[in-house]
Amino acid sequence: MATLLTACNNTFEAELLKGRLESEGIPCVLQGETMNLVYGGISAMPINILVREEDLEKALELIKNDNTED
């Protein structure tokens, strides 16, 4: 079953995170990407990143580590 990892404000940010997760072997799904594009990519329609429940901890750790490396 898929669970919400995070929400992104635009397609670029969502695709970047998707690529990062998949490069670490964490499959994910973008939810709301089409609606975001319909509204011109503005942050009024967030794009949800969904991962498998069993990958949630690993994905959260990856995001946390990426944010602390900046």
Side-chain angles (χ1 to χ4, degrees):
M1 178 169 218
T3 188
L4 178 65
L5 172 63
T6 190
C8 298
N9 291 325
N10 59 61
T11 303
F12 178 76
E13 181 182 344
E15 290 290 345
L16 208 62
L17 182 52
K18 180 181 179 190
R20 179 71 176 107
L21 291 166
E22 289 177 344
S23 74
E24 293 294 324
I26 304 171
C28 63
V29 173
L30 302 183
Q31 181 185 52
E33 183 178 23
T34 303
M35 289 305 294
N36 188 277
L37 291 173
V38 167
Y39 287 100
I42 59 174
S43 61
M45 300 297 297
I47 300 170
N48 294 326
I49 309 272
L50 305 174
V51 298
R52 298 180 305 192
E53 286 183 26
E54 59 264 26
D55 291 330
L56 183 59
E57 278 190 52
K58 183 178 176 183
L60 287 169
E61 190 66 29
L62 179 71
I63 290 172
K64 179 182 170 186
N65 290 340
D66 283 353
N67 287 336
T68 58
E69 290 177 4
D70 293 338

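Computed over heavy atoms, backbone and side chain alike; hydrogens, waters and symmetry mates excluded.
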Quick one: pull up NZ in Lys18 and CD1 in Ile49 and give me the separation to the nearest 0.5 Å. 8.5 Å
Is Phe12 isolated, or which residues cluster with it under the ILVMFWY side-chain rule of less than 4.5 Å, directly or via members? Leu16
Pairs flagged by salt bridge (charged side-chain N to carboxylate O under 4.0 Å, His left out) wherever residues 7-17 is involved - sequence neighbours left out: none
Do you know which two heavy atoms are closest between Ala14 and Cys8, and how far apart they sit? CA-SG, 3.7 Å
Which residues pass the side chain to side chain contact (heavy atoms under 4.5 Å, CB included) test with Leu56, not counting sequence neighbours? Thr3, Leu5, Val51, Leu60
Looking at residues at least two apart in the chain, or sitting in another chain, which of them share a side-chain hydrogen bond (donor to acceptor under 3.5 Å, both in side chains) with Gln31? Asn48
Contacts of type side chain to side chain contact (heavy atoms under 4.5 Å, CB included), residue Ala2, not counting sequence neighbours: Leu50
Can I get a per-line list of side-chain donor-acceptor pairs under 3.5 Å for residues 20-29, giving both atom names and the distance, sequence neighbours left out?
residue: Arg20; atom: NE; partner: Asp66; partner atom: OD2; Å: 2.8
residue: Arg20; atom: NH1; partner: Glu24; partner atom: OE2; Å: 2.9
residue: Arg20; atom: NH2; partner: Asp66; partner atom: OD1; Å: 3.1
residue: Ser23; atom: OG; partner: Arg20; partner atom: O; Å: 2.7

Is there side-chain contact between Ile47 and Thr11, with heavy atoms separated by less than 4.5 Å? yes
The salt bridge (charged side-chain N to carboxylate O under 4.0 Å, His left out) partners of Glu54 (sequence neighbours excluded) come to Arg52
